[in-house]
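Below: one structure in structure tokens.
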Amino acid sequence: DSGVTQTPKHLITATGQRVTLRCSPRSGDLSVYWYQQSLDQGLQFLIQYYNGEERAKGNILERFSAQQFPDLHSELNLSSLELGDSALYFCASSVVDNYGYTFGSGTRLTVV
Amino acid sequence: AQSVAQPEDQVNVAEGNPLTVKCTYSVSGNPYLFWYVQYPNRGLQFLLKYITGDNLVKGSYGFEAEFNKSQTSFHLKKPSALVSDSALYFCAVRDREAALIFGKGTTLSVSS
């Protein structure tokens with residue numbers, strides 16, 4: 001157990017639907033990062049939050065959004081889902097500036 | 001923008017032989033470099049990192065990496081490969097906002 005918890009582990013949904021992925025960071029970590037892993041795009045950085053505030057954006061689609069709550073857990077919202085959104089979504093957490101990143105085991109999203 | 005490149009999609013090596021997985025980087029400023037490993041249907045596991053100091057970094061499971069500033073490389077090495085080392089390996093660089101930017105990954109296959 002890495003200390004970063006992601007739920008659900010698997011999710012199957014239809015095109016056009018909206019889903020929410022959840023991440024609880026390791027205790028004490030203020031930063032949360034979301035990544036998408038797909039066969040054709042590899043591991044893509046989506047978005048980063050630090051202590052509730054958005055800190056950096058990567059290759060995140062406008063249909064996707066995220067937030068980090070006061071208890072530091074984060075949610076990634078994916079809407080108007082397309083077949084191409086099928087991927088493994090990872091969350092990672094860190095204490096900024098100590099260069100340690102811990103990854104969760106991921107949520108596998110299948111859009112049918 | 002910070003980036004890393006992994007020039008080999010796959011590396012094949014016989015058990016007991018030394019292995020090298022290549023990574024080159026492009027950064028402005030000091031590079032903060034990482035190696036992660038991913039086993040099938042699992043999350044990313046940290047192997048080692050270079051922040052500063054000795055160019056030879058030792059990590060988990062007998063892996064090490066050599067930072068070469070002149071060649072902008074950070075190759076992952078192991079003196080004697082095991083079948084259980086077969087996995088997907090990612091090189092990553094920390095960008096200015098502290099997110100990790102990953103290479104496309106290299107599949108390591110160790111044959112018995």
Side-chain angles (χ1 to χ4, degrees), chain A residues 1-7 9-10 21 23-26 29-51 53-60 66 74 87-108 110, chain B residues 1-10 21 23 25-54 57 59-61 65 67 74 87-107:
Chain A
D1 182 9
S2 68
V4 177
T5 303
Q6 290 188 247
T7 57
K9 291 193 182 305
H10 303 276
L21 313 183
C23 170
S24 293
R26 201 178 55 163
D29 287 356
L30 300 180
S31 271
V32 170
Y33 312 79
W34 285 98
Y35 289 86
Q36 179 195 59
Q37 184 179 27
S38 60
L39 282 174
D40 54 344
Q41 295 292 326
L43 256 173
Q44 297 280 314
F45 166 63
L46 296 179
I47 196 164
Q48 175 197 357
Y49 277 81
Y50 173 74
N51 203 20
E53 300 283 331
E54 182 185 302
R55 182 148 177 171
K57 267 187 174 180
N59 299 319
I60 189 166
S74 178
L88 196 50
Y89 291 84
F90 285 109
C91 164
S93 72
S94 76
V95 177
V96 177
D97 294 336
N98 83 343
Y99 312 109
Y101 301 82
T102 305
F103 282 79
S105 57
T107 293
R108 182 168 295 281
T110 302
Chain B
Q2 324 286 60
S3 66
V4 291
Q6 294 180 245
E8 302 155 317
D9 290 335
Q10 178 143 350
V21 183
C23 173
Y25 65 87
S26 174
V27 303
S28 53
N30 294 322
Y32 303 132
L33 299 161
F34 301 76
W35 276 101
Y36 282 81
V37 60
Q38 184 180 28
Y39 296 98
N41 299 313
R42 302 282 295 276
L44 293 163
Q45 295 180 31
F46 171 77
L47 284 178
L48 50 80
K49 64 186 176 188
Y50 173 82
I51 305 301
T52 186
D54 195 348
V57 180
S60 306
Y61 314 120
F67 172 69
F74 189 56
L88 183 57
Y89 290 80
F90 290 97
C91 181
V93 63
R94 181 179 183 263
D95 74 5
R96 292 182 182 279
E97 301 298 333
L100 287 181
I101 307 302
F102 287 88
K104 288 193 173 295
T106 298
T107 298

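Scope of the values below: all heavy atoms of this structure, side chains included, with no hydrogens, waters or symmetry mates. Labels below follow one simple rule: chain letters A, B, ... track the order of the sequence lines, proteins then strands, and each chain is numbered from 1.
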**Asked** Is Trp35(B) reaching over with its side chain to a backbone N or O of Phe74(B), donor-acceptor style, under 3.5 angstrom?
**Response**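 Side chain of Trp35(B) to backbone of Phe74(B): a pair is present.
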**Prompt:** Can you say whether Leu44(B) sits under 4.5 Å from chain A via the side chain, the backbone, both, or neither, judging by heavy atoms?
**Reply:**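 For Leu44(B), backbone and side chain are both near chain A.
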**Asked** Is it the side chain or the backbone of Leu88(A) that comes within 4.5 Å of chain B heavy atoms, both, or neither?
**Response**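 Contact with chain B: side chain only.
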**Prompt:** Under 3.5 Å, is there a donor-acceptor pair between the side chain of Gln2(B) and the main chain of Ile101(B)?
**Reply:**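 Here the side-chain-to-backbone pair does not exist.
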**Prompt:** If you measure only the distance, is there a donor-acceptor pair under 3.5 Å linking the side chains of Tyr89(A) and Arg108(A)?
**Reply:**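 Not at all, the side chains of Tyr89(A) and Arg108(A) share no donor-acceptor pair under 3.5 Å.
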**Asked** Side chain, backbone, both or neither: which part of Gln38(B) has an atom under 4.5 Å from a heavy atom of chain A?
**Response**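 The side chain, not the backbone.
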**Request:** Identify which of Phe34(B), Phe102(B), Phe46(B) forms the greatest number of heavy-atom pairs closer than 4.5 Å to chain A.
**Result:**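 Greatest number of close heavy-atom pairs with chain A: Phe102(B).
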**Asked** Do side-chain atoms of Ser31(A) reach the backbone of Ser93(A) as a donor and acceptor pair under 3.5 angstrom?
**Response**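 No.
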**Other residues, nucleotides, ligands: >12 heavy atoms within 6.0 Å of Glu53(A) CD** =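 Result for CD/Glu53(A): open.
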**Request:** With a 4.5 angstrom heavy-atom cut-off, could you sort out which part of Gln37(A) is near chain B: side chain, backbone, both or neither?
**Result:**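 When you check distances to chain B, only side chain atoms of Gln37(A) fall under 4.5 Å.
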